[in-house]
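Have a look at the structure below, then the notes.
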2 protein chains.
Amino acid sequence: MKLRNGLGVMSTSRTGTASAPVRIQVSRTGRPALGARMKAKSLLPSQILPPRELPLDQVIVGDCVAAIEALPPGSVDLVFADPPYNLQLGGDLRRPDDSLVDAVDDDWDKFASFADYDAFTRAWLTACRRALKPDGALWVIGSYHNIFRVGSILQDLGFWMLNDIVWRKANPMPNFRGRRFTNAHETLIWAARGEASKYTFHYEALKGGNDDLQMRSDWYLPLCTGDERLKDEKGAKVHPTQKPESLLARVLLSASNPGDVVLDPFFGTGTTGAVAKALGRHFIGVEREEVYAKAARERIAAVQPLPPEAFATAPSKRSEPRVPFLSLVEAGLVKAGETVFDEKRRHSATIRADGTLVLGPAVGSIHKVGALAQGLPACNGWTFWHVEREGKAMLLDVLRGEIRTQMAAA
Amino acid sequence: MKLRNGLGVMSTSRTGTASAPVRIQVSRTGRPALGARMKAKSLLPSQILPPRELPLDQVIVGDCVAAIEALPPGSVDLVFADPPYNLQLGGDLRRPDDSLVDAVDDDWDKFASFADYDAFTRAWLTACRRALKPDGALWVIGSYHNIFRVGSILQDLGFWMLNDIVWRKANPMPNFRGRRFTNAHETLIWAARGEASKYTFHYEALKGGNDDLQMRSDWYLPLCTGDERLKDEKGAKVHPTQKPESLLARVLLSASNPGDVVLDPFFGTGTTGAVAKALGRHFIGVEREEVYAKAARERIAAVQPLPPEAFATAPSKRSEPRVPFLSLVEAGLVKAGETVFDEKRRHSATIRADGTLVLGPAVGSIHKVGALAQGLPACNGWTFWHVEREGKAMLLDVLRGEIRTQMAAA
DNA sequence: CTTAGTTGTGAATCCGGCT
DNA sequence: AAGCCGGATTCACAACTAA
């Protein structure tokens, strides 16, 4: 029993009726049916009748290029694609506690070269572009391993980029060896089928769900964990890269209408389908692995559609912004080279350009150096160190308050 | 008079002595000078002597590809590039009040096609790669208009991507038409010259300035505005896309050492040079437009370098001298025959006179025996084993610190 | 029942000097 | 040049256990 998911939907059961595997059966007339050529925007959802030959709300097991080429051209409103990232991982990676990181080492993520990956990318993007309605649009998600290839090819094929969106992960995996910045985000590209496409964008809906501020291109959302994450009978994750439903909800709410047909060429365990069903959109999922497709069908069967009025807002986690001391240096509120001191001026240290402090031979955070100065195991540097302002001592915490006010907009 | 900048540096004047335009004059022997081949890491900044033929701390006016090809190969530690964005703006963009948005429409930002832009990108990236030292690295900043082209070509040329970084703008320009998400970020790519490059990364410094949490790939920084933004006599901005100094400061602090040579092929109004000078790095700037170069020279002349202690590379654990455990025995800090134990006193072993440990039948280094005791493949003995001192457990790492202090004093 | 402490884990291109 | 081996390295959450 699933208690909640990224949409706040109560799903009462995981063991819904699983439909049989669906092999694609569509006409190959080359012309989209009437419904596919209608402009969804001008119709009420109840009037939208997708073409009969579309395999709606089903999971097609097989190669995505072949399956999508079998769809009528111009029949799909939106594509959401989460293709293999081509991670190119070397040996295994261990956490500092020596536990092994469960890496994505599946065969479907292996490509011999960039050229191979590019050919693969060009093939599925071309197929998707053919399947899209003239006013349709496409979303792709990726990481720095692949997203630049995808973005370039997409432009080459004539897609028109509308935004790149950054999914800032609330709880990313840290960089265990301290050799790089924490890889804390993934990138989504939102592109219209072409420059002239009258793409769908629900500006007001998203603005309303964002404290009446325009929705920005950086989205802060948690990973897919907990009850939302599909597990097998042994408790292992079914799919290594299951995306959070909150992410898909934002995509579908902003860039599709109820009744629209959403195609996902890399359906996996069906997050796109689950969210589409909840939000009153149709989906077509293509997935190569029967194991994932089966899990997706069972999952989607258990989803209860939401009433339309609930479609307007997507829940998003908001957190009190943490202010690094470095931000005070960058904002000019304190200066590199300046001296900080404690209340009774018994200790002092110098601010460095990187937001650390120096005290004699020691360099460290305001907290570490504060602890060192007092010979204590720990110290809150914000409430220990002061700077001189107009002849008086001003606590760093006060300056942090000023920054918080400035940052509140985001 | 400039009051503050992203580094918190007081710059007293804009009207410093502007050096004459510098046309490049370097030897073309094809071999970097001695200084260029030395490994900066093992030297103090004062010992680093960049090759004489490098046009250091100067602005070269001219085409960046030709200018960079004239540099000795393998002579540059870091590249920071802010290339033209290839913005494809249709007509004029107007705000809701009908005022005209001062968009990027200069001639240098027009490219006939993606192919032209790709060729241009390949040319300057190739030149930069040749100029870089084997262990050098490159940063590029861009938006969704160009960054996917740049990223793909960079990978094709053999650069090894380390991170993509998202600069989240604190105060982005709103999307006036409400047809897209507010474009609130730009993307930076950090890439090593090659997969095997031993790139520079000051992990501890960044972590120390960030509340002792490792720095993530999403950076929240304000735009370049106010006093930092260069204006001409009529109050108009000198350069359309001047980057904030705080952004460059993070890049240079994290990925370069004091004394390093930083090349900027699209110098503009010299943010890279200003920050490099403040932080004790050398710069080589190439700029095609004399008007930008002039503004950059004047700006940089007015920059006061920070005191060295404000930017000197902080000692990291990795760079500290190695201390053999035997030295602790020899110094009498631990005694042969003494017992060592882990934090929870679940394991113990005995110190031998040769600096090894005994645990039952096994003999080996503090690391090997620590690993054996826990049944793990590896273990850091310094942070695992303790000895009893004044009734309390004392970590071997603390005793190692005492040895290092003694060594530094001697 | 609450709370505090422990354990597990997530799309990751994750070491470097010396012999 | 390849191999050895010393030893440096993690954040946010959720779930579970213990008191």
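Here is the naming used below: chain letters follow the sequence lines, and residue numbers restart at 1 for every chain.
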*Dot-bracket, DNA chain D: Watson-Crick or G-U, under 3.5 angstrom, [ ] crossing, | other strand?*
.|||||....|||||||||
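- At a threshold of 4.0 Å, the pair B:Glu320-B:Arg400 does not count as salt-bridged, since none of the basic side-chain nitrogens sits closer than that to a carboxylate oxygen.
- Atom P of nucleotide C:dC14 and atom CZ of B:Phe201 are separated by 14 Å, given to the nearest angstrom.
- With sequence neighbours left out, B:Glu195 forms a side chain to side chain contact (heavy atoms under 4.5 Å, CB included) with B:Trp160.
- C:dA11 and D:dA15: their C1' atoms are spaced 23 Å apart (whole Å).
- D:dT10 and C:dG16: their P atoms are spaced 15 Å apart (whole Å).
- An OP1 or OP2 oxygen of C:dG10 is reached within less than 4.0 angstrom by no side-chain nitrogen or oxygen of A:Lys169.
- Taking 4.0 Å as the cut-off between side-chain N and carboxylate O, A:Asp97 and A:Arg95 do not count as a salt-bridged pair.
- Whole-Å rounding puts the A:Leu87 CG to C:dC14 C1' distance at 13 Å.
- For residues 200-211 of chain B, the pairs satisfying salt bridge (charged side-chain N to carboxylate O under 4.0 Å, His left out) are B:Glu204-B:Arg318, with sequence neighbours left out.
- Using a 4.0 Å heavy-atom cutoff across all strands shown, A:Trp108 reaches at least one base atom of the nucleic acid.
- You'll find that the side chain of B:His367 is closest to D:dG6, out of C:dA12, D:dT9, D:dG6.
- Contacts of B:Pro377 with the nucleic acid, taken as non-hydrogen atoms under 4.0 Å apart, are absent.
- Distances from the side chain of A:Leu89 to the nucleotides C:dA12, D:dA15, C:dA11 place C:dA12 closest.
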Name the pairs: protein N/O against N/O of nucleotides 3-5 of chain C, kept only if under 3.5 Å.
none

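- In this structure, CG of A:Asp98 is placed 13 Å from P of C:dG8, rounded to the nearest angstrom.
- Among residue pairs with one or both ends in residues 138-149 of chain A, those qualifying as salt bridge (charged side-chain N to carboxylate O under 4.0 Å, His left out) are A:Asp118-A:Arg149, A:Arg149-B:Asp156; sequence neighbours excluded.
- Phosphate contact (OP1/OP2 of D:dG6, side-chain N/O of B:Ser365, threshold under 4.0 Å): present.
- A salt bridge is defined here as a Lys NZ or Arg NE, NH1 or NH2 lying under 4.0 Å from an Asp or Glu carboxylate O, and B:Lys198 with B:Asp135 fails to meet this definition.
- At least one side-chain heavy atom of B:Phe384 sits under 4.5 Å from a side-chain heavy atom of B:Asp342.
- Comparing atom distances between the A:His145 side chain and each of D:dT9, C:dA12, C:dG16 picks out C:dA12 as nearest.
- If you measure from atom CZ of A:Phe111 to atom C1' of C:dA11, you get 14 Å, rounded to the nearest angstrom.
- Between C:dA11, D:dA8, C:dA12, one nucleotide has an atom nearer to the side chain of B:Asn380 than all others, and that is D:dA8.
- Ion pairing between B:Arg216 and B:Asp218 holds under the 4.0 Å rule for side-chain N and carboxylate O.
- Here A:Gly90 lies out of heavy-atom contact (under 4.0 Å) with every strand.
- Distance noted for atom C1' between D:dA18 and C:dC1: 14 Å (whole Å).
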Contact list (N/O, under 3.5 angstrom) for nucleotides 10-12 of chain D vs protein:
| residue | atom | partner | partner atom | Å |
| --- | --- | --- | --- | --- |
| D:dT10 | OP1 | B:Tyr203 | OH | 2.6 |
| D:dT10 | OP1 | B:Lys207 | NZ | 2.4 |
| D:dC11 | OP1 | B:Gln214 | N | 2.8 |
| D:dC11 | O2 | A:Pro172 | O | 3.4 |

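- Using a 4.0 Å cut-off between charged side-chain N and carboxylate O, B:Lys317 and B:Asp397 make a salt bridge.
- Closest approach to the A:Asp227 side chain among C:dG10, D:dA8, D:dA15 is made by D:dA15 (side chain taken as heavy atoms from C-beta onward).
- The P atoms of C:dT9 and D:dT9 are separated by 25 Å, rounded to the nearest whole Å.
- Rounding to whole angstrom units, CG of residue A:Leu223 and P of C:dA12 are separated by 9 Å.
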